[in-house]
Amino acid sequence: MPFINVQGLTKQYGSSIYALHDVSLAVERGEWVAVMGPSGSGKSTLLNILGCLDSPTQGEIIIDGQKLSHLSKVDLARFRAEKLGFIFQQFHLVPYLTAIENVMLAQYFHSLAEEKEAAEALRRVGLGNRLHHLPSQLSGGEQQRVCVARALINQPNLILADEPTGNLDEVNEALVMGLLADLHREGHTILMVTHDPEIGRMAERRVNLHHGRLTEVSAAPIQEDLLVDNLLQAVWRAEEAAGERFLPADRLREFMTNRATFLLMAKEGSISLEGGLISLTPSGQRRADQLIRRHRLAERFFYETFGLDEDRLHENALRVEPLWTAPVTDKICTFLNHPRTCPHGDPIPIGDCCLKSQ
Ligand code: ADP
Ligand code: MG
């Protein structure tokens, strides 16, 4: 039985407005699903109904074996407190309470007010030094991170996020998406609403809402350019490890399994394959430098901002880096103060922003 099972969900306002129309959806435990769709397509309605904040006109929802329609109001409230964590676009923080008090307020509802735990949750989202700030003394990104800490306080099985980065700048968007990627890795099930395809790409699966009707978007095939990017990095790393260029192509594991793509890359001029020796051309080198830089910066980002263990950096970086365009990468490099090495001690190629800062 799937973790979330939605059958024939309809939400009707008056006689003619259907916010949701016969929506069925199954989500497995530990899955990360993005619900996409334009404004007004019913995304928030779906999330609010799943979060027991709203009730459907018709249809059935089972979450973690519980049929929601069978729960009384009191049981629904308890179910919500124990199983669900919410992250909204509007932060919904209580303005006259400090960060730690806001998190503790959520604990209070979960009847486990524990200052140490609240502080720990805030530290986890990189706000250890902001515990006693009021929302008005925090930036938007910091407020959203308080919300993430608040959503985590009861170790929820299911995290519901409605446009979690809708009000954030790029660095904070990266921070919050990094937190979500991390939570997903830990096994939380995430249902995230977004209208932004770049954000949606981070999920494992995407579904689309259109005028209240749901369609599944097939899992995006690994795009050709993504594969090429990965292969360029593989060559770059092999050269770094060997300390020399022009390596025998058949020594590269990736070459053996992607010969056709390598031939294509040679034709397009990003690598050379002359005499069975593989090497990056100047343009391939530039591209690979950028990719390696982005990856190692992303690792440093997770390491410094979230204190992730070294063995988890690579995987988390892979998840967020497709979002990092060149300007975003420069902003994060600047945010991190132009680090020269990744947390594993490997050098980070220099970027334009590093040169300018010198
Ligand atoms: P989204 O989150 O995708 O922007 P919503 O779920 O908020 O969309 O809304 C879906 C549709 O339902 C919209 O057309 C909206 O106007 C309508 N709707 C939402 N709440 C109400 C309400 N209380 N009364 C009437 N219509 C509503
Ligand atoms: Mg909405």
Side-chain angles (χ1 to χ4, degrees), residues 4 6 9 11 13 19-20 23 25 27 31-54 56 61 63 80 84-95 102-103 106 125-127 135 138-153 156 158-184 188-217 220 319-320 322-325 328 331:
I4 302 176
V6 174
L9 201 65
K11 177 73 180 181
Y13 292 107
L20 294 174
V23 166
L25 171 71
V27 177
E31 230 189 336
W32 182 353
V33 175
V35 180
M36 322 276 305
S39 177
S41 58
K43 306 184 296 298
S44 295
T45 305
L46 175 61
L47 217 67
N48 290 342
I49 292 177
L50 286 174
C52 317
L53 299 171
D54 195 358
I61 302 165
I63 299 180
R80 189 167 63 214
L84 308 181
F86 281 97
I87 304 167
F88 299 99
Q89 176 177 5
Q90 316 299 347
F91 312 129
H92 297 303
L93 292 174
V94 181
N102 262 289
V103 174
V125 299
L127 292 176
L138 299 171
S139 72
E142 289 168 340
Q143 290 182 51
Q144 188 60 305
R145 281 187 273 152
V146 175
C147 297
V148 176
R150 184 181 58 185
L152 297 182
I153 200 64
L158 173 60
I159 294 173
L160 298 169
D162 193 349
E163 305 274 6
T165 62
N167 284 331
L168 302 181
D169 61 69
E170 288 149 327
V171 168
N172 279 295
E173 174 182 289
L175 273 164
V176 168
M177 292 316 288
L179 280 169
L180 284 179
D182 196 24
L183 292 170
H184 174 248
H188 295 274
T189 309
I190 302 178
L191 201 70
M192 168 183 83
V193 157
T194 179
H195 66 275
D196 182 342
E198 288 298 317
I199 297 287
R201 261 174 57 174
M202 289 190 59
E204 290 172 300
R205 185 153 71 91
R206 280 153 294 280
V207 296
N208 236 331
L209 268 175
H210 197 70
H211 295 307
R213 289 178 192 274
L214 194 77
T215 49
E216 190 102 7
V217 184
R319 217 170 234 293
V320 298
L323 283 173
W324 293 15
T325 58
V328 172
K331 274 187 204 175

**Asked** Given Ile159 and Leu152, is the side-chain contact (heavy atoms from CB on, under 4.5 Å) satisfied, shown in steps?
**Response** CA-CA 8 Å; Ile159 294 173; Leu152 297 182; 4.1 Å; yes
Minimum heavy-atom distance between [X] and [Y], given as atom pair plus value:
X	Y	answer
Arg206	Glu204	NH2-O, 4.3 Å
Ala151	Pro156	O-CG, 3.2 Å
Glu142	Leu127	O-CD1, 3.5 Å
Ala181	Arg319	CB-CD, 3.6 Å
Ser44	Asp162	OG-OD2, 2.7 Å
Gly212	Val23	O-CG2, 3.3 Å

Distance check, rounded to the nearest 0.5 Å: [X] atom [atom1] versus [Y] atom [atom2]?
X	Y	atom1	atom2	answer
Met192	His184	CE	NE2	10.5 Å
Phe88	Asn167	CZ	CG	13.5 Å
Leu158	Leu84	CG	CG	5.5 Å
Leu25	Leu209	CG	CG	9.0 Å
His92	Ile87	NE2	CD1	12.5 Å
Leu50	Phe86	CG	CZ	8.5 Å

Examine distances only and state if a side-chain atom of [X] and a backbone atom of [Y] form a donor-acceptor pair shorter than 3.5 Å.
X	Y	value
Arg80	Cys52	yes
Gln144	Thr165	no
Lys43	Gly37	yes
Asn48	Leu53	no

**Request:** Let me see the working for Val328 and Leu323 under side-chain contact (heavy atoms from CB on, under 4.5 Å), right down to the final yes or no.
**Result:** CA-CA 8 Å; Val328 172; Leu323 283 173; over 6 Å; no
Under 4.5 Å between any side-chain heavy atoms of [X] and [Y], yes or no?
X	Y	answer
Glu31	Ile4	no
Leu9	Ile49	yes
Pro56	Leu20	no

My understanding is that only residues two or more places apart in sequence, or in another chain, count here; which of them pass side chain to side chain contact (heavy atoms under 4.5 Å, CB included) with [X]?
X	answer
Ala149	Val103, Ala121, Leu122, Val125
Asp182	Arg124, Glu186, Leu308, Arg312, Asn316
Pro38	Ser41, His210

**Item:** Test log, rule side-chain contact (heavy atoms from CB on, under 4.5 Å), inputs Leu180 and Met202
**Value:** CA-CA 10 Å; Leu180 284 179; Met202 289 190 59; over 6 Å; no
**Item:** Residue pair Leu138, Arg145: steps toward the side-chain contact (heavy atoms from CB on, under 4.5 Å) verdict
**Value:** CA-CA 10 Å; Leu138 299 171; Arg145 281 187 273 152; over 6 Å; no
**Request:** Count the heavy atoms belonging to other residues, nucleotides or ligands that lie under 6.0 Å from NE2 of His211, then report whether that count exceeds 12.
**Result:** no
